Every structure is written in structure tokens, then in C-alpha cells.
> 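This is the structure, below, for whatever I ask next.
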Amino acid sequence: MKYLLMIYDNPETRAVFFGEEGAPLMAEMDAIMAELKESGELVDTAALADPASTKVVRSGGVVTDGPLAEAKEHFGGYLIVDVESEERALEIAARWPKVHTPMEVRPLLGEGGEM
Amino acid sequence: MTGRVEDLLRECAPQVLGALVRRHRQFDLCEDAVQEALLAAAQQWPGEGVPQNPHGWLVAVGHRRVIDAVRSERASRAREERLALLEPPPAQAPDTDDTLTLLGLCCHPALSPPSRIALTLRAVGGLTTAEIAGAFLVPEATMAQRISRARKTLRGREFDTPGDVSHVLYLMFNEGYTASGGDELARVDLSTEAIRLTRMLPPTPETTGLLALMLLTDARRPARTDAAGDLVPLAEQDRALWDAAKIAEGTALVERAIASGPLGPYQLQAAIAALHAEPGETDWRQIVGLYELLDRIAPSPVVTLNRAVALAELRGPDAGLDLLRDLDLPGHRLPAVRAHLHERAGRREQAEADYRLAASLTRSLPERRYLERRAKHTREWR
């Protein structure tokens with residue numbers, strides 16, 4: 001079962017993660033990532049650049065600057081994992097270092113059908 | 001010639017690996033050794049001719065490679081241990097079937113179910129890592145790691161706890177059966193692979209029942225999706241599209257299995273599938289009876305759900321809904337069945353609500369489309 005683990009952040013948590021005090025957090029993330037790679041559970045992962053560099057494209061091709069919503073938290077990065085159960089996906093999310101912002105765990109829609 | 005050698009090698013590979021693993025235990029070393037032996041054979045045989053005893057040739061070459069690997073591993077680790085002279089395993093196929101030993105090991109309970117399927121496909125099915133990754137829709141690197149970890153986990157494991165091979169093959173079949181869509185043609189078909197491997201199992205009533213269940217289910221595959229790729233429920237399928245040869249074989253197998261010994265869940269499911277495949281009116285009375293039996297010997301919420309569907313056909317939708325009242329089954333299936341039964345009872349509002357709920361809960365794109373279509377249909381006909 002594939003899950004998307006959505007990492008949320010805001011300017012403060014970003015500053016922490018990418019600053020000096022973020023080093024141990026980064027090390028923690030690297031360790032989890034290495035473990036997921038080794039177990040064959042990691043499908044894909046990426047960190048996103050700052051929300052300020054976001055462009056919004058609307059129907060008709062109108063392009064504007066900035067993220068879609070004026071939210072306190074922004075989508076900051078993701079992992080896609082292929083795991084045995086939802087429990088396992090939640091366990092991975094629980095171990096992911098979080099400063100203040102939560103993480104979302106969401107199943108992917110597949111092409112398969114049971115009928 | 002080349003094609004024949006390839007077929008022969010694919011057939012021999014699991015037996016050779018089984019023979020080496022039984023002898024040396026080190027699953028990962030043995031698998032590498034078999035790969036090298038197969039490569040050597042693929043290079044030499046087409047030119048020099050196939051040896052008298054291809055199996056023995058491969059075992060002997062593989063055995064030498066294992067010894068070399070063990071030797072260099074020991075040499076690099078510490079030189080204190082002197083390698084005992086290992087006798088090569090007997091070249092003739094021994095009395096125990098090495099393929100079955102290997103299957104049991106690949107399905108070892110220490111491995112997670114997805115790893116068991118992946119390793120079985122690789123070591124017994126002879127598929128490449130890329131093919132297995134494609135079948136599971138994950139990157140090749142992900143699958144390579146999964147297999148590599150499974151191989152390490154099996155290092156030095158004993159064979160006294162062989163895994164539930166039937167169950168792993170059953171899961172493999174379902175994985176293939178439910179994975180429709182996408183670039184299907186380019187993908188290895190896991191259902192066909194599961195059927196091929198199930199044919200290798202010793203014929204007990206339950207393994208025969210499992211093979212019958214797979215054949216009878218697989219027979220319906222051409223009718224499961226329409227030209228647009230949308231799912232077609234069993235009752236609306238065009239029976240002319242069902243594979244008659246598979247139905248005939250499956251039906252004969254399940255009859256033989258049931259006549260020959262103790263009844264089990266695979267036989268019962270196969271018997272139900274056989275009744276569904278019979279021409280003419282569906283015998284719901286018998287199907288309900290079989291589901292009741294199945295719910296007694298292998299109770300599960302999914303069986304109860306299927307029993308309710310059958311009961312509704314026999315005694316009306318409310319009889320089915322009664323059975324579902326206290327059922328605890330997370331996911332989309334319960335609301336989908338409830339929706340169907342409400343629809344049949346003429347309660348279109350409840351049906352629509354349940355179809356929408358089911359649509360929001362499914363993890364499958366074709367199912368989502370189907371359920372949304374049903375919801376729209378109940379609204380329009382209200």
C-alpha cells in the first residue's frame with residue numbers, strides 16, 4: 001500500500017531545519033531515509049523550495065506569484081512509501097522529526113480494482 | 001536453440017537454487033552463484049551443446065561459485081578459520097523436491113508478505129527485479145532493496161518452518177488480479193505467474209482447490225472491464241467473454257478436490273466460483289449454503305459480506321442488510337454492498353449516500369469511477 005507522507009512547515013520551522021540547530025534533525029531524517037531505502041519501502045522523496053518561489057497557474061493560463069492559500073503552514077516536502085499497512089506508515093510519520101508542525105499521511109489511489 | 005536454452009534454464013533455476021540452498025544455507029550467496037551458473041550456461045550451451053545432465057551441470061558450477069564466495073568472504077573476514085572441504089551436492093535431483101523447499105523458504109514467516117511475494121517471483125519464478133518492480137509499480141531500486149533485505153533475512157535460516165506457500169501464492173494472484181489498468185500489456189502478469197507456481201505444489205485437496213479458485217476467477221478477467229476500461233460487476237458481465245477452457249479445468253479440479261478429502265476454505269471458494277461460472281440461472285441456494293459453511297470454518301467480515309450478497313439474491317435485499325447490521329469492516333466494501341442492496345430495495349436516497357461514502361473510501365481509481373457512476377444513476381432515476 002502506498003502512502004504520501006506530507007511534511008508541513010512555516011518560516012520558523014524552516015529556519016530551524018535549515019539552520020545550525022537543524023543539523024541533528026537532518027541527521028535524524030537521513031537515518032530514517034536510509035532505513036526506508038534499505039528496507040525497500042521508499043518510493044520517492046523530495047524537499048520543496050521556499051513557498052515564496054511558488055507560482056500559481058489558473059485556468060486560462062493566468063500566472064501569479066505566491067502560494068495558493070494564505071496559510072500559516074505550507075507543504076514543505078514529501079515521502080512516498082510502499083508499506084505493508086497503515087500502521088507502518090503512521091509509525092514512520094511518528095518518527096519523523098517535527099519541530100511544531102504536524103505531518104499528514106494519505107493513501108494513494110491505485111489503478112487496481114477488486115471486482 | 002537459444003529460446004530452448006532459455007526455457008530450460010528458467011525451468012532449472014529454482015531446482016538448482018533449491019539444491020544449493022539446502023546444502024549451503026546461505027540464500028544470498030547461493031542466489032548469486034545460481035545467477036553466475038546460468039550466465040555461464042547461457043554463454044556456453046548454445047555453442048557447445050546442452051550437457052547430458054543440465055541440472056547437475058548447473059548445480060556443480062553453482063556449488064563451485066558458492067565455495068569461492070565463502071572462501072573469499074572468510075579470507076577477508078579473518079584467516080583463522082580453515083575452510084572445510086565441501087563435497088558437492090549430489091548431481092541427480094534428490095528425493096525431496098528442491099523447488100518446493102525453495103518455495104517454502106521464500107515464504108518464510110520472518111519475511112513480510114510483500115517480501116515473500118517478491119522473493120518467490122525472483123527465486124522461483126525467475127523474474128528480473130525490473131519485472132517485479134513493474135508489477136508492483138515501484139521503482140526498480142526500491143524493489144532491489146526489498147529483495148536484497150529479504151535475502152539477508154534468510155541467511156542461515158533453517159527449513160523447519162516453511163512458510164504458508166499457498167497463502168503467498170493466493171496473495172500473488174490477487175495482486176495480479178486487482179492490478180488492472182496502467183500499461184498493463186508491458187507488465188508481467190502476476191496472476192498467470194501465481195497459477196504457474198501453484199501447479200508445482202503437491203496436489204492436496206486445498207492446493208487443488210486453490211488452483212481451481214485461481215483458474216475460475218482468472219477465467220472472468222476478459223469480461224471484468226469494458227472497452228473504456230471501466231469495471232463491470234459479475235452480474236452484468238458478458239459470459240461469452242469468459243475463458244471456457246479455464247472454467248472447465250477449474251470446475252473439474254474443484255470437484256476432484258472436494259471428493260478427495262477434508263474440506264477447506266480454498267475448496268469452498270472455488271466451489272462458489274464454479275457455481276457462478278455455470279451456464280443458466282445462478283444457484284443462489286447452494287451459494288448461500290457454501291458461504292455459511294465458509295463463514296463457519298474460516299470466519300471473516302469479508303466472508304460475511306459476500307454471504308449477505310448471496311442471501312440478498314435468495315431472500316431479498318433486506319435479508320442481506322439484516323446480516324450486515326453489526327458487521328465491522330472498515331473500507332469501502334461494506335457501504336458499496338449496502339448501497340447496492342438499498343438500490344435493489346428501491347431506497348434510492350440511502351443507496352446514493354452509501355455509494356458516495358464507498359466512493360470516498362476506495363483506494364482504487366476504477367472503483368471510484370464505478371461507484372460515482374452508480375451514485376449518479378440512483379440520483380437520476382429517483
Side-chain angles (χ1 to χ4, degrees), chain A residues 1-7 26-48 59 68-69 75-97 102-115, chain B residues 111-116 118 129 132-133 136-150 152-153 174-184 187 220-221 223-225 229-237 302 330-333 336 361-371:
Chain A
M1 280 177 277
K2 296 194 187 82
Y3 289 86
L4 174 65
L5 276 53
M6 290 184 276
I7 303 155
M26 288 287 186
E28 245 180 276
M29 285 192 280
D30 287 346
I32 298 174
M33 215 87 88
E35 182 195 310
L36 296 176
K37 238 181 231 169
E38 200 271 329
S39 65
E41 291 174 311
L42 186 66
V43 175
D44 193 18
T45 180
L48 304 187
S59 64
L68 193 58
F75 187 32
Y78 68 89
L79 293 101
I80 295 175
V81 292
D82 186 14
V83 289
E84 211 190 318
S85 63
E86 185 177 90
E87 287 69 45
R88 173 65 181 147
L90 296 177
E91 182 193 306
I92 295 165
R95 285 177 48 202
W96 197 260
M103 210 164 169
E104 273 184 358
V105 177
R106 194 159 157 187
L108 264 56
L109 271 187
E111 282 289 337
E114 276 175 354
M115 235 171 279
Chain B
L111 304 172
S112 73
S115 298
R116 285 178 221 171
T129 305
I132 303 167
F136 283 91
L137 301 173
V138 298
E140 195 178 337
T142 302
M143 189 50 76
Q145 276 305 324
R146 203 176 289 177
I147 290 171
S148 152
R149 179 189 249 200
K152 277 185 215 144
T153 308
N174 284 342
E175 183 77 34
Y177 190 72
T178 56
S180 62
D183 50 349
E184 210 172 333
R187 266 156 54 190
R220 298 203 292 258
R221 203 141 54 134
R224 273 177 81 225
T225 45
D230 285 327
L231 290 172
V232 182
L234 182 58
E236 293 165 27
Q237 286 174 10
V302 173
H332 69 284
R333 289 200 225 180
L361 291 173
T362 180
R363 308 258 178 106
S364 144
L365 213 49
E367 276 172 12
R368 169 124 211 176
R369 281 200 302 268
Y370 170 79
L371 292 163

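Per chain, numbering begins at 1; letters A, B, ... match sequence-line order. The model shown is predicted, which means the values in this text are computed figures rather than measured ones.
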> What residues form a side chain to side chain donor-acceptor pair (under 3.5 Å) with B:T153, not counting sequence neighbours?
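By the side chain to side chain donor-acceptor pair (under 3.5 Å) rule, B:T153 matches no residue at all.
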
> B:R363 and A:Y3: which non-hydrogen atoms are nearest, and at how many Å?
NH1-OH, 3.2 Å

> Given a strict heavy-atom distance threshold of 4.5 Å, which part of A:I80 is in contact with chain B: side chain, backbone, both, or neither?
neither

> Quick one: list whatever passes salt bridge (charged side-chain N to carboxylate O under 4.0 Å, His left out) with B:R220, sequence neighbours left out.
none

> Go through the steps for A:L42 and B:Q145 under the test side chain to side chain contact (heavy atoms under 4.5 Å, CB included), then give the verdict.
CA-CA 9 Å; A:L42 186 66; B:Q145 276 305 324; over 6 Å; no

> I need the minimum non-hydrogen distance between B:P366 and A:G110, along with the two atoms involved.
CD-O, 3.8 Å

> Which residues pass the salt bridge (charged side-chain N to carboxylate O under 4.0 Å, His left out) test with B:D230, not counting sequence neighbours?
B:R369, B:R373

> What closest approach, in Å, do B:T362 and A:L109 show between heavy atoms, and which atom pair accounts for it?
O-CD2, 3.4 Å

> Pull out the residues in residues 81-94 of chain A that come under 4.5 Å of chain B, heavy atom to heavy atom, sorted by number.
A:D82, A:E84, A:E86

